[in-house]
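What follows is one structure encoded as structure tokens, with my remarks underneath.
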Amino acid sequence: MKKKVLAALLCVAMTATLFAGCGSDDANNDSSADANNDASGTEAQADPGDAADDVADAANAATGDLADANVAVFYYTYSDTYIASVRTALDAKLDEMGVKYQDYDSNSNQTTQNEQIDTAIQTGANLLIVNIVTSGSVDASQQIVDKASAAGVPVIFFNRAVEDDKTEGQVLGSYDKCAFVGTDAPEAGHMQGKMIGEYLVANYDKVDLNGDGKIQYAMMMGQLGNVEAIARTQYGVEDANAVLTENGKPELEFFDSANADKYQVDQDGNWSATAANNYMNTNLSQFNEDNKNMIELVICNNDGMAEGVISALNDKGYNTGDDKMIPVFGVDATDAAKQLIADGKMVGTIKQDAQGMADCIAFLTENCATGKDVMDGTDSYNISETVSNKIYIPYQPYTGE
């Protein structure tokens with residue numbers, strides 16, 4: 001009887017240090033070795049007291065240890081200002097937790113990221129944290145999930161969507177060791193649109209530089225096909241128009257009637273200040289106060305593009321901190337944008353909480369490393385109503401502190 005009890009205990013001990021619900025091959029091998037070593041002396045001296053001690057030891061081991069975590073973190077590009085802020089915050093959290101980790105710069109190349117993931121798994125990573133390059137692509141995200149699943153390691157996606165509205169839950173529901181930490185894409189557009197509309201109602205005549213009774217705007221879109229960019233481009237204008245019409249003002253008018261898309265997109269998909277600066281310099285050479293067709297408002301999908309726009313405006317004598325101002329709005333609330341707002345060069349932005357996102361990713365990381373389900377204890381977070389392993393970090397309007 002004692003031997004039967006002992007055999008059962010040894011089975012428990014052999015599996016105790018697995019990342020329960022979050023898998024680790026390295027932990028698996030270590031726990032097996034420990035169990036075999038314990039067995040050599042335990043069977044010969046087995047008694048009820050020893051058996052009770054072994055149960056307690058196995059229960060403690062099942063909680064796992066953060067020191068056993070080997071985390072690989074993949075960023076779509078280091079050059080994105082907001083992503084850089086997430087990286088800084090997440091590095092600090094992982095350092096604080098004492099977790100071993102390696103950061104990877106995918107440099108806006110999905111093939112590069114896939115190869116980096118293969119390398120990380122082959123070299124012992126037991127948790128993948130992925131800021132996917134090809135946002136919204138089920139094919140790209142499913143490939144990554146399949147790699148993680150085959151290796152038995154969890155994967156936490158963040159910031160960039162892994163599915164679109166039509167395929168929501170398809171990828172995230174295909175693997176039980178998977179989660180997403182990001183934002184509710186339309187929320188930023190809605191907040192930005194409301195902010196713009198209210199600002200224009202309060203300052204309409206001042207903004208209407210050519211005095212034609214309408215506001216001509218430019219739209220800087222970050223990336224074609226990106227869920228966040230699509231939502232911000234749509235709702236930033238639609239919701240501003242709703243506020244304007246409610247207050248008896250005409251809807252916004254895109255500055256270039258020849259542009260049916262009504263946006264200018266960063267062709268490299270990097271949401272960059274450089275792309276926005278180039279566009280704005282070209283725009284201002286044709287659309288200006290002298291020609292009576294001035295751009296009177298600029299809406300940007302992120303703060304990096306807003307910085308590029310403001311630099312171009314500065315070169316023409318606008319937005320230098322005095323009354324000669326063309327309102328510019330962004331998204332992210334980066335430190336640079338906050339400074340531009342404080343200096344009177346930018347009107348407002350929508351805060352995308354880099355620290356909050358890093359904190360949440362770190363929380364899920366700890367779940368995996370300590371043997372819990374990846375979504376354990378997340379009830380206080382804003383979880384999607386339709387996808388149970390998708391966490392939204394809320395946006396907030398920002399016009400200065």
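Side-chain contact between I132 and I144 is present, with heavy atoms from C-beta onward closer than 4.5 Å. Side-chain contact between M280 and I295 is present, with at least one heavy-atom pair separated by less than 4.5 Å. In this structure the side chain of D103 reaches within 4.5 angstrom of the side chain of D91, judged on heavy atoms. Proximity of I391 to L364: side-chain heavy atoms (C-beta onward) are separated by under 4.5 Å at one or more points. V155 has its side chain out of reach of K177: every pair of non-hydrogen atoms, C-beta onward, lies at least 4.5 Å apart. Inter-residue side-chain proximity for V130 and I156 is flagged as unmet; no heavy-atom pair is nearer than 4.5 Å. Annotation: side chain of L244 is in contact with side chain of Y204 (closest heavy-atom distance under 4.5 Å). Looking at heavy atoms from C-beta onward, S174 lies in side-chain contact with Q142 at the 4.5 angstrom threshold.
Among pairs with a residue in residues 173-202, those fulfilling ring pair (Phe, Tyr, Trp, His ring centres under 6.0 Å) read H190-Y235, Y199-F329, at least two apart in sequence or across chains.
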Throw together a table of side-chain donor-acceptor distances under 3.5 angstrom for residues 92-99, partners on residues two or more places apart or in other chains.
residue: D95; atom: OD1; partner: Y101; partner atom: OH; Å: 3.0
residue: D95; atom: OD2; partner: Y101; partner atom: OH; Å: 3.4

For residues 224-231, dump all side-chain donor-acceptor pairs below 3.5 Å to protein atoms at least two apart in sequence or in another chain.
residue: N226; atom: OD1; partner: E228; partner atom: N; Å: 2.9
residue: N226; atom: OD1; partner: A229; partner atom: N; Å: 3.0
residue: N226; atom: ND2; partner: S135; partner atom: OG; Å: 3.3
residue: N226; atom: ND2; partner: Q223; partner atom: OE1; Å: 3.2

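At distances below 3.5 Å, at least one donor-acceptor pair connects side-chain atoms of N367 with backbone N or O atoms of V374. Looking only at distances, no side-chain donor or acceptor of N270 sits under 3.5 Å from a matching main-chain atom of S272. A donor-acceptor contact shorter than 3.5 Å links the side chain of E296 to the backbone of L209. A donor-acceptor contact shorter than 3.5 Å is absent between the side chain of Q102 and the backbone of V71. Checked by atom type and distance alone, the side chain of N70 never pairs as donor or acceptor with a backbone atom of N126 at under 3.5 Å. When atom types are taken as modelled, the side chain of N291 and the backbone of Q286 share a donor-acceptor pair closer than 3.5 angstrom. Within the 3.5 Å criterion, the main-chain N or O of V243 finds a donor-acceptor partner in the side chain of N247. Between the side chain of N389 and the backbone N or O of C178 there is at least one donor-acceptor pair closer than 3.5 Å. With hydrogens and angles disregarded, a donor-acceptor distance shorter than 3.5 Å links the side chain of T77 to the backbone of S79. With D376 contributing its side chain and K372 its backbone, the two residues share no donor-acceptor pair below 3.5 Å.
No side-chain N or O of T111 forms a donor-acceptor pair with one of N114 less than 3.5 Å apart. Side-chain polar atoms of T112 and N107 form no donor-acceptor pair below 3.5 angstrom. In this structure, a donor-acceptor pair under 3.5 Å is absent between the side chains of D335 and Q339. Between D359 and Q355, the side chains place a donor N or O and an acceptor N or O closer than 3.5 Å (distance only, hydrogens not considered).
Heavy-atom contacts from other residues, nucleotides or ligands closer than 6.0 Å to CG of D165 number 12 or fewer. Within 6.0 Å of the NZ atom in K194, the count of heavy atoms belonging to other residues, nucleotides or ligands does not exceed 12. For CG of D323, the number of neighbouring non-hydrogen atoms (other residues, nucleotides, ligands) closer than 6.0 Å is 12 at most.
To the nearest 0.5 angstrom, W271 atom CH2 is 14.0 Å from M220 atom CE. Taken from CG in N131 to CE in M357, the straight-line distance is 9.0 Å, to the nearest 0.5 Å. Within the model, atoms CD of Q216 and CG of N210 stand 5.0 Å from one another, a figure rounded to the nearest 0.5 Å. If you take CD on Q234 and NZ on K262, they are separated by 12.5 Å, rounding to the nearest 0.5 Å. A distance of 7.5 Å separates OG of S106 from CZ of F74, quoted to the nearest 0.5 Å. Annotation: the span from L90 atom CG to I361 atom CD1 amounts to 5.5 Å, rounded to 0.5 Å.
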L252 and L200: side chain to side chain contact (heavy atoms under 4.5 Å, CB included), yes or no, with the steps?
CA-CA 10 Å; L252 299 174; L200 292 178; 3.6 Å; yes
Does the pair E115 and I117 meet the rule for a side chain to side chain contact (heavy atoms under 4.5 Å, CB included), with working shown?
CA-CA 5 Å; E115 292 171 349; I117 289 171; over 6 Å; no
Q113 and Q110: side-chain hydrogen bond (donor to acceptor under 3.5 Å, both in side chains), yes or no, with the steps?
CA-CA 5 Å; Q113 188 170 81; Q110 188 62 61; 3.2 Å; yes
Stepwise side-chain hydrogen bond (donor to acceptor under 3.5 Å, both in side chains) test for N259 and Q264:
CA-CA 9 Å; N259 184 337; Q264 293 173 300; over 6 Å; no
Side chain to side chain contact (heavy atoms under 4.5 Å, CB included) between Y78 and I83: does it pass, once the steps are laid out?
CA-CA 7 Å; Y78 282 179; I83 292 302; 6.0 Å; no
Between D212 and K292, is a side chain to side chain contact (heavy atoms under 4.5 Å, CB included) present by the stated rule, with each step listed?
CA-CA 9 Å; D212 65 355; K292 304 295 184 184; over 6 Å; no
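Between I299 and G236, the shortest heavy-atom contact is CD1-O, 4.4 Å. When all heavy atoms of Q192 and R232 are compared, the closest pair comes out as OE1-O, 4.3 Å. In terms of heavy-atom proximity, G222 sits nearest to D266 at O-CB, 3.3 Å. Of all heavy-atom pairs between N288 and S285, the closest is ND2-O, 3.6 Å. Between G356 and I393 the shortest heavy-atom distance is O-CD1, 3.9 Å. For the pair I326 and L313, the tightest heavy-atom approach, listed with the atom from each and the gap, is CD1-CD2, 3.7 Å.
Residues that satisfy the ring-ring contact (aromatic ring centres under 6.0 Å, His included) test with Y398, not counting sequence neighbours, are absent from this structure. For the ring-ring contact (aromatic ring centres under 6.0 Å, His included) test, residues two or more places apart in sequence or in another chain that qualify with F255 are F287. Among residues two or more places apart in sequence or in another chain, the ring-ring contact (aromatic ring centres under 6.0 Å, His included) test is passed with Y279 by none.
Checked for salt-bridge contact, K214 and D208 miss the test: no charged N lies under 4.0 Å from a carboxylate O. Salt-bridge check for D118 with K147: passed, with a basic side-chain N closer than 4.0 Å to an acidic carboxylate O.
For K324 and Y318, the positive end sits near the middle of the six-membered ring, less than 6.0 Å away and at most 45° from its axis.
With Y395 as the partner, the side chain to side chain donor-acceptor pair (under 3.5 Å) test is satisfied by one option alone out of D353, T183, D332, D184: T183.
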